[in-house]
Amino acid sequence: MAENTASDSPSHDARQRAHVEPGGPFWLDHLGTAIVRKGSVSEMDNNAYLITCRRGGEQLLIDAAAEPDRLRDLVAAGSGRLDVLVTTHRHWDHHRALGQMVEHYSPRTAAGEADAAELPVTPDVALDHGDQISVGDLTLDVVALRGHTPGSVALALTDGAGRVHLFTGDSLFPGGPGKTPDAAAFTSLMDDLESRVFDVYPDNTVVHPGHGDSTTIGAERPHLTTWRDRGW
């Protein structure tokens with residue numbers, strides 16, 4: 001499978017968008033201590049992210065969404081091993097290949113505690129806000145973002161240059177928060193986004209969502225009041 005590297009992109013903004021399409025090349029970026037690869041799967045254009053520890057080759061996959069053969073190609077594009085598999089939330093389109101990937105690689109699995117019972121594979125680790133996940137020499141911080149689902153989690157990886165890469169599942173996209181079932185859930189998600197993301201991470205933080213292109217905290221920060229006012 002071909003890959004598009006961040007250095008192939010024509011501009012800094014294009015690199016940050018990290019655009020991929022179903023069936024298209026994987027996107028990758030070298031982050032000093034880590035390599036991040038991104039691929040899109042299924043008719044839902046789900047993003048799957050592979051994080052590789054550059055020192056030892058250990059790997060973590062975020063969301064075994066669909067198309068296990070393509071996900072195995074993504075794993076093979078790195079070191080070929082899979083040590084940890086994290087599911088960002090319980091919605092069906094983010095875990096359709098979870099069982100097949102677990103059967104094939106036997107990774108340690110993790111998901112938000114409040115969503116764990118809804119997954120087809122019971123996670124080995126139930127995640128809560130403030131937890132950490134290690135893969136090789138890398139440590140990712142767990143950010144619980146309650147609202148899209150009760151147990152939705154994001155993962156924050158700090159690269160070798162000190163920049164944060166935030167993998168948000170369906171909780172934050174370019175242009176706003178993820179869909180919520182009612183007004184109370186929307187308020188919960190916005191409260192968590194403001195207190196746990198926008199009040200914590202600097203503007204150059206890269207946001208990698210569960211569908212579509214990536215963005216930055218700085219690009220989204222000016223719109224927080226607009227999101228609150230419109231209610232979605």
Side-chain angles (χ1 to χ4, degrees), residues 1-42 44-88 94 97-98 101 104-105 107 133-141 154-170 172-174 201 204-219:
M1 172 64 68
E3 293 184 312
N4 288 335
T5 67
S7 59
D8 292 334
S9 302
S11 70
H12 179 70
D13 288 343
R15 288 199 298 273
Q16 292 183 157
R17 287 197 298 271
H19 182 74
V20 292
E21 297 181 1
F26 301 136
W27 176 92
L28 70 87
D29 199 3
H30 293 270
L31 305 180
T33 55
I35 299 172
V36 174
R37 288 175 169 84
K38 175 183 180 181
S40 174
V41 295
S42 88
M44 300 288 288
D45 189 20
N46 287 84
N47 293 327
Y49 297 95
L50 182 76
I51 299 172
T52 305
C53 175
R54 295 194 70 176
R55 180 178 180 183
E58 298 89 349
Q59 298 195 128
L60 180 150
L61 180 69
I62 300 173
D63 283 349
E67 300 183 41
D69 289 344
R70 180 162 165 79
L71 294 179
R72 285 193 286 268
D73 288 342
L74 180 61
V75 171
S79 66
R81 60 188 288 177
L82 184 59
D83 302 272
V84 184
L85 200 167
V86 179
T87 303
T88 59
H94 287 260
L98 178 60
M101 295 297 283
H104 189 84
Y105 293 102
I133 299 175
S134 296
V135 57
D137 293 339
L138 307 175
T139 299
L140 293 86
D141 295 315
L155 298 178
L157 171 69
T158 302
D159 67 22
R163 190 179 196 185
V164 178
H165 298 257
L166 191 63
F167 302 87
T168 57
D170 283 2
L172 180 62
F173 296 95
Y201 296 106
N204 70 348
T205 299
V206 183
V207 175
H208 296 293
H211 304 265
D213 292 354
S214 299
T215 185
T216 64
I217 290 296

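Residue indices begin at 1 and follow the sequence shown. We use all heavy atoms of the structure for the numbers below, so side chains are in, but hydrogens, waters and symmetry mates are not.
With rounding to the nearest 0.5 Å, the separation of CG in Asp63 from OH in Tyr49 is 9.0 Å. The CD1 atom of Ile35 sits 5.0 Å away from atom NE2 of His30, with the distance rounded to the nearest 0.5 Å. For the atom pair CZ (Arg163) and CG (Asn204), the distance works out to 5.0 Å, reported to the nearest 0.5 Å.
In this pair, Trp27 and His208 present their aromatic rings tilted. The plane angle is within the 30 to 60° band.
With respect to the salt-bridge test (charged N to carboxylate O, under 4.0 angstrom), the residues Arg70 and Asp73 do not qualify.
Side chains of His211 and Asp45: a donor-acceptor N/O pair is absent below 3.5 angstrom, by distance only. A donor-acceptor contact closer than 3.5 angstrom is absent between the side chains of Ser40 and Asn47.
For residues 49-61, the pairs satisfying salt bridge (Lys or Arg N to Asp or Glu O under 4.0 Å) are Arg55-Asp137, with sequence neighbours left out.
A 4.5 Å side-chain heavy-atom check between Val86 and Leu60 finds at least one atom pair inside the cut-off. You'll find the side chain of Met44 stays beyond 4.5 Å of the side chain of His94, heavy atoms only. Put simply, the side chain of Leu28 does not reach to within 4.5 Å of the side chain of Val36, judged on heavy atoms. In this structure, Tyr105 and Val75 have side chains that are in contact, with non-hydrogen atoms separated by less than 4.5 Å. Between Pro209 and Ser214, the closest side-chain pair of non-hydrogen atoms falls below 4.5 Å.
Across Ile51, Leu166, Thr33, Thr139, a single residue satisfies side-chain contact (heavy atoms from CB on, under 4.5 Å) together with Leu157, and that is Ile51. If you run side-chain contact (heavy atoms from CB on, under 4.5 Å) between Pro107 and each of Leu82, Val84, Leu61, only Leu82 comes through.
Residues meeting the ring-ring contact (aromatic ring centres under 6.0 Å, His included) test with His104, sequence neighbours left out: none.
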- [ ] Show the numbers, then the answer: is there a side-chain contact (heavy atoms from CB on, under 4.5 Å) between Leu71 and Leu50?
- [x] CA-CA 9 Å; Leu71 294 179; Leu50 182 76; over 6 Å; no
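The backbone N or O of Gly169 lies less than 3.5 Å from no partner atom in the side chain of Thr88, so there is not a single donor-acceptor pair.
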